[in-house]
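Input: a single structure, listed below in structure tokens.
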Amino acid sequence: MTRPPKTSGKTPAPDSPEDTPEGSASDGTGTAMPPVHRTSAPDGVAPTVPDESLAPRPDASTATGTALQNAHRTGAPGTSGLAPRTGSAPSPHDAPAPQARRIRVRGQVQGVGFRPFVWQLARRMGLAGEVLNDAEGVLIHVAGPNLDAFAAALRDEAPPLARIDAVESAPADLPACEGFIIAASGAAGAETRVTPDAATCPACLAEVRTEGRRAGYAFTNCTHCGPRFTIVTGLPYDRAQTTMAAFPLCPACRTEYDDPADRRFHAQPVACPDCGPKVWLEEAAAPQATGPGAPSDAGGAACRTGPERAPASRPDERPAPEGSREKAQHPDPIARAAALLTSGHILAIKGLGGFHLACDATNAQAIARLRARKHRPSKPFALMAPRDLIRRHALPSAEEEARLADPAAPILLLEKAGQPLPEALAPGQSTLGWMLPATPLHWLLADAVGRPLVMTSGNLSGAPMAIHNDEAREMLEPFADAFVLHDRDIARRLDDSVERITPQGPMILRRARGRVPGTLPLPDGLPHQQVLAMGGQMKAALCLTKNGQALLGHHLGDLDEALTWQAFLQAERDYTQLFDHRPQAMACDLHPGYRATQHAHASSLPVIEVAHHHAHLAACLAENLWPRDGGPVAGIVLDGTGLGPDGTLWGGELLVGDYEGCTRTAHLTPAPLIGGDRAAQEPWRNALARLDQAGIAAEAHLAGHPLALARQAARMNAPMSSSAGRLFDAVAALLGLCPARQSFEGEAAMRLEALACQPEGGAALQAGDPGYDFGSGPGIDPAPMLHALLTDKSADPIRAARFHAGLARAFASRARALVERGAARAVALSGGCYQNALLLDLTARALADLPLLLHRETPANDGGLALGQAVIALTRLESA
């Protein structure tokens with residue numbers, strides 16, 4: 001029924017050695033919106049590669065390759081096509097004519113070292129011809145024996161980041177030639193795109209950690225790793241149109257860059273200490289912590305240089321990039337940074353897509369100081385460490401190990417285990433977010449510190465990360481005792497991706513660095529038109545469609561924030577320009593108050609408005625390649641709030657539909673949102689609304705809150721909503737979990753999930769506890785559940801678990817009925833509440849024997865909304 005993702009046929013390699021970074025990475029170019037394949041692993045986890053797969057093949061001829069490539073670069077005759085045979089040609093009767101073929105390889109085959117791979121493979125097999133990039137992928141003209149084996153090896157031995165959609169082979173008449181070359185790219189009009197940034201590969205890390213000219217060099221990279229999307233400034237993607245333009249290649253790096261046998265062949269960010277960017281450390285006067293009970297900054301003077309920072313001479317004479325105003329430098333900035341971190345100080349560190357604020361994750365005082373300075377009382381902090389340190393504090397499964405090793409180097413949520421770390425890292429949570437170092441700079445810091453580090457976004461609360469040196473100095477000086485800076489500019493902000501492995505497979509919570517600008521294939525039956533979808537107001541992200549592909553952009557944040565809105569506009573410009581996108585229409589949410597919706601209507605293009613929850617359903621269908629003619633699907637869509645087509649606020653829905661449209665068949669009983677937006681911030685308000693609705697005396701359960709005033713407000717400012725998110729808040733408040741106010745979005749629900757996952761709750765679910773009842777009628781009524789919750793004398797973890805189980809069963813049973821009577825052919829789960837791994841697993845298990853569609857490569861939350869808007873808009877454009 002569902003069309004499964006295609007695979008490359010490759011399987012993950014065994015774990016890499018303990019002293020290597022886990023994963024490899026990609027190069028930088030490719031066709032615009034090419035047919036990009038899903039990962040070969042069935043769960044969407046990118047395969048890891050052993051170190052030796054990244055090394056040049058021993059039989060490749062470096063000297064010949066360099067000569068051929070240099071001839072191509074200087075425009076030597078015969079290098080733009082097949083090399084002509086020189087000297088007197090032998091008679092055609094002397095030997096049988098060699099086979100000749102034209103081979104087209106489609107998929108993610110540009111920017112991943114595919115042409116050098118083909119060059120080495122052909123030379124190894126004694127074949128002649130050429131390989132080049134063009135608008136459709138990679139084109140190969142080849143002559144010689146055993147071409148079937150050659151074509152098979154293109155798929156079987158492809159570079160680790162290649163994703164093969166198709167290898168198409170046809171006989172061809174080729175001119176007589178000898179040797180094999182990498183030819184110039186295809187005819188004018190060939191489109192190029194930029195691949196995602198990728199974590200340091202094992203071969204580059206080995207160079208950084210051992211003797212040699214790149215020993216200790218923080219910007220070491222190759223074709224398989226390094227910055228891409230965060231440094232590109234224009235197309236075609238070459239060094240001159242990246243932030244590496246300020247760093248001319250030295251002769252040694254140029255030789256590597258020009259050699260097809262070298263893993264740095266055409267790696268645009270290639271550099272070394274002689275010609276590349278430099279790192280330095282600036283020490284600032286430590287700011288005083290603020291707020292009641294804030295820890296003292298005593299001892300901070302050890303890292304101060306005073307208010308005046310004397311400028312130092314630049315290490316070379318090249319023009320300084322923006323924001324590279326240097327200060328007094330320490331002779332060993334990595335060692336000094338490590339010393340500051342281990343002594344309890346907070347550092348601002350410039351990374352790939354922006355700045356992080358870092359401190360020692362084992363130091364409770366440093367963590368408290370960071371929370372006080374950022375006014376961030378309880379939102380979890382992300383952590384960075386090598387894999388051996390992560391294993392001291394977590395017990396990652398094989399699938400989680402593989403996800404940590406992904407070239408995207410995402411933050412991965414792992415259950416707390418082993419040696420405990422300070423509770424203040426993630427108060428009330430059962431998981432910690434871990435990531436491996438993503439760059440040589442981060443590896444050098446991690447090696448020098450030898451402890452897990454907090455690595456949280458370097459920003460003001462709610463604002464985008466700082467990316468420029470001067471911007472960071474101004475924005476982060478109240479937080480940081482010192483700055484680890486460098487002079488390679490960041491072209492665009494990219495947060496870290498956040499992911500999770502659930503019993504149902506991988507889950508992407510925030511799609512960002514390392515995942516974008518990757519594309520997804522569109523389902524069969526959708527037109528290949530160009531649409532620009534605006535997404536929603538929270539967790540904003542854009543989506544562009546082109547050539548049968550969808551590019552779901554990076555996480556931007558809440559568009560109420562002025563700086564985030566500026567980042568949204570920049571992202572729109574970036575994607576439109578970088579991918580030569582010419583939309584025929586814009587798609588947006590129904591809500592007239594969303595800034596993205598207003599922006600769409602301000603354009604000169606036709607605007608297609610899409611209901612919020614229909615977009616969630618369509619996003620899940622599109623990710624699962626549900627064909628346009630696949631038939632209707634039952635969609636369980638649970639989230640905070642979104643405007644329904646009836647003008648009311650939805651959030652706990654059972655829909656039946658497809659890309660064309662949908663019908664609401666069941667939903668949570670609506671309740672008032674007392675105080676409007678304040679209901680999303682203060683969980684007790686939702687508890688009051690639900691208790692009053694169920695006829696339960698709230699005074700016995702919500703003592704200390706202004707109930708009378710709230711009831712009065714309910715008559716004036718309380719839109720009705722079926723929100724599942726607000727129901728989670730209500731139950732959390734009744735169980736004493738942050739009832740007064742949430743310090744960040746989703747805090748109450750996250751604490752409720754963590755409570756339910758404690759051993760007592762887990763045991764109840766394992767024993768098959770069906771959970772609380774939500775009524776048996778067509779509606780889904782929380783009143784019976786609330787009566788049961790408040791009379792249940794069981795421990796709180798059991799009560800939290802029973803709420804989850806009952807809610808999952810209530811929706812799953814009604815969705816099952818739709819499938820069984822033929823009204824739907826599958827069930828899709830979407831919406832932000834399905835970031836809750838327990839709720840997801842309980843719902844999926846209740847539907848285990850039915851076709852089930854889940855989010856695995858796009859967020860179930862509003863970060864995936866634009867994908868749904870885009871595919872619905874494509875359908876309507878064709879129907880118009």
Side-chain angles (χ1 to χ4, degrees), residues 1-7 31-38 44 106-108 136-137 163-166 168 518-533 535 542-552 579 581-588 606-611 613-635 637 655-663 818-819 822-830 850-858 860 864-880:
M1 185 149 319
T2 62
R3 182 154 62 94
K6 304 171 187 175
T7 66
T31 54
M33 306 265 189
V36 175
H37 248 314
R38 309 298 178 93
R106 302 182 188 276
Q108 184 170 295
E136 296 181 61
R163 301 290 178 265
I164 308 296
D165 281 351
E168 302 165 357
T519 62
L520 302 166
L522 290 174
D524 288 343
L526 294 180
H528 288 193
Q529 292 174 283
Q530 296 188 36
V531 164
L532 176 59
L542 296 160
C543 184
L544 298 75
T545 66
K546 184 177 180 180
N547 297 339
Q549 301 289 306
L551 190 158
L552 180 61
F579 301 99
H581 195 252
R582 298 180 176 86
Q584 297 159 265
M586 298 183 80
C588 64
V607 176
I608 298 171
E609 292 186 336
V610 179
H613 295 87
H614 185 199
H616 273 306
L617 171 60
C620 189
L621 298 183
E623 178 185 329
N624 285 274
L625 299 176
W626 189 260
R628 184 175 178 181
D629 60 358
V633 170
V637 185
L655 310 175
V656 173
D658 53 18
Y659 304 114
E660 307 282 346
C662 67
T663 303
L818 291 170
V819 176
R825 299 183 61 188
V827 181
L829 307 183
S830 191
L850 299 180
L852 189 61
L853 311 179
L854 307 176
H855 289 275
R856 291 191 174 93
E857 297 182 59
T858 64
L865 205 64
L867 174 61
Q869 294 171 349
V871 293
I872 290 170
L874 287 173
T875 304
R876 293 185 189 172
L877 277 176
E878 190 175 57
S879 302

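The two residues Ala826 and Val633 come nearest to each other via the heavy atoms O-CG1, 3.4 Å. Between Leu852 and Leu829, the shortest heavy-atom distance links the atoms CD1-CG, 4.1 Å. In this structure, Pro851 and Arg825 approach most closely via the heavy-atom pair CG-O, 3.5 Å. The two residues Ala866 and Ala533 come nearest to each other via the heavy atoms O-CB, 3.2 Å. Heavy atoms only, all atoms of each residue included: Ala619 and Leu867 are closest at O-CD2, 3.8 Å. Contact record, Pro521 with Leu625: O-CD2, 3.3 Å, taken as the closest heavy-atom pair.
A distance-only check finds no donor-acceptor pair linking the side chain of Tyr659 to the backbone of Leu874 [under 3.5 Å]. Looking only at distances, a side-chain donor or acceptor of His614 sits under 3.5 Å from a matching main-chain atom of Asp658. Judged purely by atom type and a 3.5 angstrom limit, Thr875 has no side-chain atom pairing as donor or acceptor with the backbone of Leu526. A distance-only check finds no donor-acceptor pair linking the side chain of His616 to the backbone of Gly864 [under 3.5 Å]. The backbone N or O of His528 lies less than 3.5 Å from no partner atom in the side chain of Asn547, so there is not a single donor-acceptor pair. Checking side-chain atoms of Ser830 against main-chain N and O of Leu617 turns up no donor-acceptor pair under 3.5 Å. Not one N or O on the side chain of Trp626 forms a donor-acceptor pair closer than 3.5 Å with the backbone of Pro632. Using modelled atom types, one side-chain atom of Gln530 and one backbone atom of Arg582 make a donor-acceptor pair closer than 3.5 Å. Glu623 places a side-chain N or O within 3.5 Å of a backbone atom of Glu857 that can act as its donor or acceptor partner. When atom types are taken as modelled, the side chain of Gln869 and the backbone of Gly535 share a donor-acceptor pair closer than 3.5 angstrom.
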Passes side chain to side chain contact (heavy atoms under 4.5 Å, CB included), Leu877 versus Ile608? Steps please. CA-CA 9 Å; Leu877 277 176; Ile608 298 171; 4.0 Å; yes
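Using a 4.5 Å heavy-atom cutoff, the side chains of Pro523 and Leu621 are not in contact.
Considering only residues two or more places apart in sequence or on other chains, Arg628 meets the salt bridge (charged side-chain N to carboxylate O under 4.0 Å, His left out) condition with Glu660, Glu878.
Summarising the geometry, atom CZ belonging to Arg106 is positioned 4.0 Å from atom CD belonging to Glu168; distances are rounded to the nearest 0.5 Å. The distance from atom CG of Asp524 to atom CG of Asp629, rounded to the nearest 0.5 Å, is 8.0 Å.
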